[in-house]
Amino acid sequence: MRQFQFNYENNEKLINSIKKIKQWCMASVTSEILFQIYTEQLNYDKVRGICNIIRTEMPEAKYIGCSTNGNIVMGELAESPITIICTVFEYASTKVSVLQYHLEESNVDEVTDSIKKHVKENPWVKSVILNITIRGMSMTRFCENLSSLPKDVAVFGGGAFSENMQESQAFCFSSEGDLSDHSVVIALVGGDEYHVETIYITGWKPLGKEFHVTKTDGFILYEIDDKPAYEIYRKYLNIKNDKNFFLNTLEFPFFYEHNGINILRAPTASNPDGSLVMTADMDENVKARLAYGDPWTILDSVKKDSVKLSKFAPEVIMVFSCAARRAFWGADEISGESLPFQSLAPTSGFYTSGEFLRTGKDVNQHNVTLVVAAQREGEIDADSIHEVDVIENEMSGKVSMINRLATFIQAATEELEEANQRLLVAARTDGLTGLLNRAKIQSIITDETKEIEEDNSLKASLIMMDIDDFKSVNDKYGHKEGDFVLKGLSDMIQETVKESNPDASSGRWGGEEFMVLLPGFDEERSAELAEKLRIKFNEIEFPEAGRQTMSLGVTEIIPNETSDSATMRVDKALYKAKAAGKNRVVRL
């Protein structure tokens, strides 16, 4: 596999470059030739002229291309708005097929069915390379449909864009069709000696509090935490709902889990009602956070993954990087995350409106992500494994400031969340025993009685217990020993009850009284557990107080009764146990 990369300057120089490629091909063994043409300019006539030259000079070659937000040549942001990459495959078994389809939401199933049919009819296919127009469309169904391709077929590519990120127009084209602003262009590549390996890199980290996605409809995100989704950007980032919304939110996508991986999703627009237009569907009831770019994490990921790819010994590398990453780094530093791959093999690609990659069986659309596809023909040659050259540069300016502010915010958020968690625990638990406090256990009992009221087939019981003559323990040995006895009983309750019924709830009812709710237990089983608790408590030898006893009441919750009625009855059963001589279990 041999690759030629160059910037387009004019037609004359293009023809000369193609003639040199032809000369190289004539002196070598070749099987397929694939051109990739990327343009920042939405200049239809110029692109058609380039395509005509390729068809004239090398009619046997195939080509694909699209408009972009910038191009990558030899691992760096290209100076020219149009770049051309020519990949020459050298093994006879390697094959390339190009497809182009008109694409809109109404014919997604038809298009993906046709793609899958082509792959099925051509079992040599190992890569499905996508150039696709995605603005204004949800790509979820497209991705889901392609996820049923054979599991050994890689899927990767990028969404067409334009030099102006606020421009909605973009196009794709190929040797199988003309320039189209509603199109997907596909290069199928494969063969016995063709190999591919893919990775993706984010480096964007979750920032601040976690949000709950509460209302969505396809790729429209309506509500987060039951409020208009736009409010997140207004409240936390002071981003206005105006014509610059897309540009201002690009660097702060949502971070959440999808198909078993962490994924980023950026909004493309905000509607007057505060809903957000996303480039792919978001599920309801997922947890999400805003994310920010961390330069050190990005470069560390690039270094680790490029070292991993070096063992694959790639001959060419394709990268599809989100336009938001280019905006984040700026033109002077963006090449820092793609140049390391150039030290392994010729690296080219473009800046996208969305990135596509198959991970496991699932095809996912990414945002703010760097997708890397390494390709090789033949077996690994030890001599072709190169050392990775990662540029170690100091962060400065905007990137450094954002990183430090984000680190501060994240640390402050974590401290606040820890404090809130401690407050939550304190609000529901008893400080001495660690069991639920009376208010919380009473609330849980109330919820359980309501569930039984709705479904009379459900069962639940209560156990109430009280340490016998506990006042004498405090009077004789002091409150410190009394607390020790209470803690010993609560630890035993926690361990024994959870062992018998993992769904049980145990709480301190007050003083030396304790309450246990046993969902699913009838009175018989609850009485057996109560007897077990009575015996185990009496077996504890306290340092000064020695062995103690307790009395227990047991009752089963009756359908359609209130929680007050049930707790009053179990309290009455406990009273009867006390009156009957203590150290016993009474059922009522």
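The figures that follow rest on heavy atoms only: side chains count, while hydrogens, waters and symmetry mates do not. Quick caveat: nothing in here was measured; it's all calculated off a predicted structure.
- Listed by first and then second residue, the ring-ring contact (aromatic ring centres under 6.0 Å, His included) pairs that reach into residues 465-519 come to none, sequence neighbours excluded.
- No cation-pi contact links R325 to F328, judged by a cut-off of 6.0 Å to the six-membered ring centre and 45° from its axis.
- Under 4.0 Å is where a charged nitrogen must lie from a carboxylate oxygen, and between E556 and R569 no such pair does.
- Here the side chain of T214 pairs a donor or acceptor atom with the backbone of D226 at under 3.5 angstrom.
- The existence of a salt bridge linking K582 and D468 is excluded, since no basic side-chain nitrogen approaches an acidic carboxylate oxygen closer than 4.0 Å.
- The main-chain N or O of A504 is found under 3.5 Å from a side-chain atom of K498 such that the two form a donor-acceptor pair.
- Between E231 and R234, at least one side-chain N (NZ, or NE/NH1/NH2) sits under 4.0 Å from a carboxylate O, which counts as a salt bridge.
- Put simply, the side chain of F246 does not reach to within 4.5 Å of the side chain of S270, judged on heavy atoms.
- The side chain to side chain donor-acceptor pair (under 3.5 Å) check on D503 picks up nothing, with sequence neighbours excluded.
- At least one donor-acceptor pair under 3.5 Å links the side chain of S147 to the backbone N or O of C143.
- Looking at heavy atoms from C-beta onward, F320 lies out of side-chain contact with L130 at the 4.5 angstrom threshold.
- Of the possible donor and acceptor atoms, none in the side chain of T352 sits under 3.5 Å from a partner among the backbone N and O of G159.
- A salt bridge between D300 and K304 is present, with a side-chain N of the basic residue lying under 4.0 Å from a carboxylate O of the acidic one.
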